[in-house]
Protein chains: 2
Amino acid sequence: MTSANFTAAENAIDFGAQQIRDALREAIVERRLAPGTKLSENDVGSLFNVSRTLVRAALQALAYEGLVNVEKNRGAFVAHPSVAEAQQIFATRRLIEPSVIRDAARHIQKAEIKDLRELLAQEERLTNQRGATARRAEIKASGDFHLAIAAITGNAILKRFMDELIARSSLVIALYGQSVISSCGHNEHQEIVDALEKKDVESACALMLKHIDHIEADLDLRTTKKGGDLRDALQL
Amino acid sequence: MTSANFTAAENAIDFGAQQIRDALREAIVERRLAPGTKLSENDVGSLFNVSRTLVRAALQALAYEGLVNVEKNRGAFVAHPSVAEAQQIFATRRLIEPSVIRDAARHIQKAEIKDLRELLAQEERLTNQRGATARRAEIKASGDFHLAIAAITGNAILKRFMDELIARSSLVIALYGQSVISSCGHNEHQEIVDALEKKDVESACALMLKHIDHIEADLDLRTTKKGGDLRDALQL
DNA sequence: CCTGCCTAGATTGTATACGATAATAGGCAT
DNA sequence: ATGCCTATTATCGTATACAATCTAGGCAGG
């Protein structure tokens, strides 16, 4: 095997299915891979210097998470959520996240509040930076905030559900988001942490709901499904 | 390969990964496969007359659902939820299902109430039957009731989350359930449907919460994790 | 010039082959 | 008899090979 001049081989890193999955996942969530992009097994495989076997495993996992669609005999594509899916994703978030933050508010400890504040600081830093990479990092950071709250509950299952919802939200925002101001108003995150610190459970809950509403309000879901498909065809 | 006297070969049905996954899933949920049972790739493959490739795909998917654990270089085993996991599963159900039934209560229509009543009738029929197969069908039916409610919301994502929670609940009940009376009190299901029919959202919500509490109360989670592993070793 | 069919190439679906790792059994020393 | 070590075996991890399917481009007919 030509282990000479490939970056992957240079670094001598051996990629497993898990790492491929994570790498693709991150690329999708940070929107470096546009929705609809085809993920050819060969191409991805040669990128990571692994056989199609591992790539397939990674793609199947991502398909289960809803981040890619695998069409039989056609291949895997970065998911392209329909308007209906987008609505369901946010409807689910509205159902779950208030419960999550209630649970988190009960369990939260000082160290965890400090961690959240650090995340906020990181977000602010990125907001003030400019450039594409900073924007991408900001997207991820704003999602990570919601995930950090889910992590506080100590409930691994809930955390995984949130992982999925946040990842898919990122796709929806990529497709239907209007303002460039990525996903989350940073201030709202801050207000939520303030409420958590005061152990004001109801406020935190209400703020979270309003926050989700704001995110969704920034979407343009009026587009008819047909129009979406047409645009899709043009993009491909 | 002795392709002569296997039922799979006789029926000449071609199994795909999806069908293998579903078959295993059903077997696990109906508790025909005890928690801890090893699912060897070779064995499963020869059972379905397919190569390990497809079996692996199915097992990976089930692993993602939390129904099997895959241990590196050791194989896949029917999941054996710890007490902590069991608590998380039910904690998550308590968080989500009230929201689900609230959403369902809003969207529900007459035809769907009728469908639910049919499910109840089916449950009752099975309760009155005796025999192992009837018990297994009853287990599945009682879970299907919760899934049917989730389906009413029309939210595919929520439905999938519930699929996972119900399936894993079945495992937990298999491990820690005390009374033989499987999982759900049938009466409670009926009361919930009654409340739904009256559009009494709050009652339905409260009943559901109480119902989940009852299911969990029937568990014996005092068992130390160590004891569980010991029993596991004996069962194998 | 456009439309429909047909062949060639590319891509996925599945099976198999080989290498790596962990479980197991047997022998040896204590 | 017991405990440790080693050789064997079985199972998993990954790559590759072959079959099936889809896509694209060209050619003939209208």
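Naming: A, B, ... by sequence-line order, numbering from 1 per chain.
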Indicate the atoms forming the closest heavy-atom contact of [X] with [Y], along with that distance.
| X | Y | answer |
| --- | --- | --- |
| A:F48 | A:F15 | O-CD1, 3.6 Å |
| A:R21 | A:A61 | CD-CB, 3.4 Å |
| B:Q178 | B:A217 | OE1-O, 4.4 Å |

For B:A137, give me all partners under side-chain contact (heavy atoms from CB on, under 4.5 Å), at least two apart in sequence or on another chain. B:L126
Excluding sequence neighbours, so at least two apart, what forms side-chain contact (heavy atoms from CB on, under 4.5 Å) with B:R94? B:L209, B:I212, B:D213, B:E216
Starting from [atom2] on [N], measure out to [atom1] on [X] and report it in whole angstrom.
| X | N | atom1 | atom2 | answer |
| --- | --- | --- | --- | --- |
| A:R56 | C:dT11 | CZ | P | 14 Å |
| B:N42 | D:dG13 | CG | C1' | 13 Å |
| B:L39 | D:dC12 | CG | C1' | 14 Å |
| B:E71 | D:dG13 | CD | P | 11 Å |
| A:I20 | D:dT14 | CD1 | C1' | 11 Å |
| A:N49 | D:dT14 | CG | P | 15 Å |
| B:K38 | C:dA23 | NZ | C1' | 9 Å |

Parallel, tilted or perpendicular, as decided by the 30° and 60° cut-offs, for the rings of B:H211 and B:H189: perpendicular
Short side-chain N/O contact to D:dA15 OP1/OP2 from A:S51, under 4.0 Å: yes
One character per nucleotide, please: for nucleotides 18-25 of chain D, 5' to 3', B when the base has a protein heavy atom closer than 4.0 Å, S when only the sugar-phosphate does, - otherwise. ---SSS--
Picking from D:dC12, C:dT16, C:dG13, which would you name as closest to the side chain of B:T53? C:dT16
